[in-house]
There are 2 protein chains.
Amino acid sequence: MKAQTTNGSRTRDGRSTREAILAAAQRLIHVHGYNHTVLDDVLRESGVGKGNFYYHFKSKEELGHAILDQLVTSFIERTLEPCFADPAGRPLAQIRCFLDRVLEAQRERHCVGGCPLGNLAAELSDVHEGFRTRLASVFAAWRERLTVALHRARRSGDIGAAARPEALADFLVASLEGAILLTKVSKDIAVMEQCVGEMKHYLAQYEAGR
Amino acid sequence: MKAQTTNGSRTRDGRSTREAILAAAQRLIHVHGYNHTVLDDVLRESGVGKGNFYYHFKSKEELGHAILDQLVTSFIERTLEPCFADPAGRPLAQIRCFLDRVLEAQRERHCVGGCPLGNLAAELSDVHEGFRTRLASVFAAWRERLTVALHRARRSGDIGAAARPEALADFLVASLEGAILLTKVSKDIAVMEQCVGEMKHYLAQYEAGR
DNA sequence: AGTTTTGTACCGACCGGTTGGTACAGATGA
DNA sequence: TCATCTGTACCAACCGGTCGGTACAAAACT
């Protein structure tokens with residue numbers, strides 16, 4: 001696990017230390033939440049000493065912000081963008097691709113962990129205003145991505161003129177988050193499959209009503 | 001605040017003490033979550049001593065179960081049943097009434113707290129199996145109520161035969177939970193209004209397609 | 001009747017493990 | 001040598017839970 005320096009010494013890179021902390025913390029926070037994730041566990045799992053941790057991070061809260069950074073960029077770059085990047089792609093197909101991608105992610109995780117961003121939103125929104133505003137802006141960006149796609153779909157006539165992209169985007173994000181939560185509490189991926197099925201069906205209604 | 005015994009002694013009723021603890025704990029857990037709610041805060045807010053607390057409850061976990069009991073019965077008796085109790089009522093009207101009721105609850109709370117059951121589900125599903133199964137059964141009961149209503153609606157021809165009550169019920173619960181979460185993180189009731197609007201619109205599609 | 005016992009309700013000091021955070025000396029590498 | 005990086009020992013606050021003891025009313029006993 002430990003990265004070795006060129007001359008084979010014990011010490012790490014500094015950069016890789018920070019990354020080892022981040023990786024361990026992200027795993028633990030995903031399952032245990034922010035407050036319930038204990039620094040010592042992060043340290044044990046990453047093999048980093050305490051003094052070393054506080055060399056790289058000012059406090060647990062700063063670690064939280066770093067995790068949030070990582071989560072946000074990872075979500076945008078590795079989940080959102082791959083689906084919506086192509087400006088020539090059919091917007092509705094992109095949305096369906098995105099829904100499937102999220103569903104498969106939950107299946108692979110065997111319904112454990114849920115949505116990292118959704119979990120943090122539920123845990124911290126009313127407790128930590130700083131985290132809340134950052135989380136709110138991620139969800140806003142997410143909705144915006146869908147809104148843009150839906151506007152494109154409406155302009156190109158893929159969905160009817162009666163569709164309201166903003167409302168529909170909000171609805172899709174909410175439904176996905178809720179579906180992930182239900183599947184996490186019931187530990188049954190079928191719940192989410194049904195929800196995603198209904199979402200696609202709803203989208204299809206808008207296609208038929210064009 | 002303190003109930004007096006008939007002869008004016010200092011001591012409380014025992015029953016009312018337990019209820020004072022439960023009330024304070026429910027408020028605090030709703031906002032801070034289970035793990036992040038500290039026993040001393042519950043004690044301070046309810047004016048109960050520590051020894052007394054442990055006279056009424058075996059542990060914090062037992063308090064958690066009692067809160068869950070209270071939450072579940074309160075949700076079923078005060079939110080779910082009032083909408084669906086009347087077997088002669090029109091099922092779709094009942095569902096719409098329910099959606100509005102949940103929306104108004106969030107508005108009254110100014111988007112603070114979110115859904116008590118949803119919060120606990122997010123916080124505890126992967127950490128405490130005992131709580132998880134209980135929460136899962138509440139959500140199952142909730143979905144079941146909607147499923148029954150939707151079956152009735154289909155039999156009576158209010159919605160088309162193509163509707164799949166189980167999937168639709170899952171979807172409605174998920175969408176509501178997600179909408180509550182989004183409104184809580186964005187502190188903007190408009191998000192939830194739009195989501196509820198879309199849910200009603202979806203329901204209306206099923207009506208039109210009968 | 002009056003006295004002793006018993007059970008319920010309650011208090012707050014205290015205990016010990018946990019947790020976020022600090023101090024500091026030593027190692028490493030440019 | 002100097003800045004960077006790391007491990008170890010330590011601290012104070014926190015928090016769930018325990019303990020010894022009090023208050024008092026209803027039984028039980030005499």
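Throughout, a chain's letter reflects where its sequence line sits, starting with A, and its residues are numbered from 1.
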B/Tyr54 side-chain N/O to D/dG17 phosphate OP1/OP2 under 4.0 Å: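 The answer is yes; a side-chain N or O of B/Tyr54 sits under 4.0 Å from OP1 or OP2.
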
Calculate the interatomic distance between [X] atom [atom1] and [N] atom [atom2]; express it in whole Å.
| X | N | atom1 | atom2 | result |
| --- | --- | --- | --- | --- |
| A/Leu63 | C/dT19 | CG | P | 15 Å |
| B/Glu19 | C/dA9 | CD | P | 13 Å |
| A/Phe57 | C/dG20 | CZ | P | 14 Å |
| A/Leu28 | C/dT19 | CG | P | 12 Å |
| A/Ile29 | C/dG20 | CD1 | P | 11 Å |
| A/Leu43 | D/dT6 | CG | P | 12 Å |
| B/Tyr34 | D/dC15 | OH | C1' | 13 Å |
| B/Arg44 | D/dC14 | CZ | C1' | 12 Å |

Most 5' of A/His36 and A/Lys58 on DNA chain C, judged by nearest nucleotide: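 It is A/His36 whose nearest nucleotide is closer to the 5' end.
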
Most 5' of A/Ser59 and B/Tyr55 on DNA chain C, judged by nearest nucleotide: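 Per heavy-atom nearest nucleotide, the more 5' residue is B/Tyr55.
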
B/Gly51 or B/Thr37, whichever maps to the more 5' nucleotide of DNA chain D: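 This one resolves to B/Thr37.
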
Ring-face cation of A/Lys50 near A/Tyr55 (centre distance under 6.0 Å, axis angle within 45°):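 No, a cation-pi geometry is absent between A/Lys50 and A/Tyr55.
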
NZ or CZ of A/Lys60 within 45° of A/Phe53 ring axis and under 6.0 Å: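 Verdict for A/Phe53: no cation-pi partner in A/Lys60.
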
Counting side-chain heavy atoms from CB outward, which of [options] is closest to [X]?
| X | options | value |
| --- | --- | --- |
| A/Thr17 | D/dT6, D/dC15, C/dT19 | D/dT6 |
| B/His56 | D/dT6, C/dC10, D/dG16 | C/dC10 |
| A/Asp40 | C/dT19, D/dG17, C/dG21 | C/dT19 |
| A/Asn52 | C/dC10, C/dG20, D/dC5 | D/dC5 |

Ring centres under 6.0 angstrom apart (A/His128, A/Tyr34):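 So the answer is no for these two rings.
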
Within the 6.0 Å centroid threshold, strictly below: A/Phe171 and A/Tyr202: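 So the answer is yes for these two rings.
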
Any N/O donor-acceptor pair, A/Lys50 side-chain to C/dG21 base, under 3.5 Å: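 Side chain to base: pair present.
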
Nearest-0.5 Å distance, CZ of residue B/Arg101 to CZ of residue B/Arg78: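 Reported to 0.5 Å precision, the distance equals 10.5 Å.
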
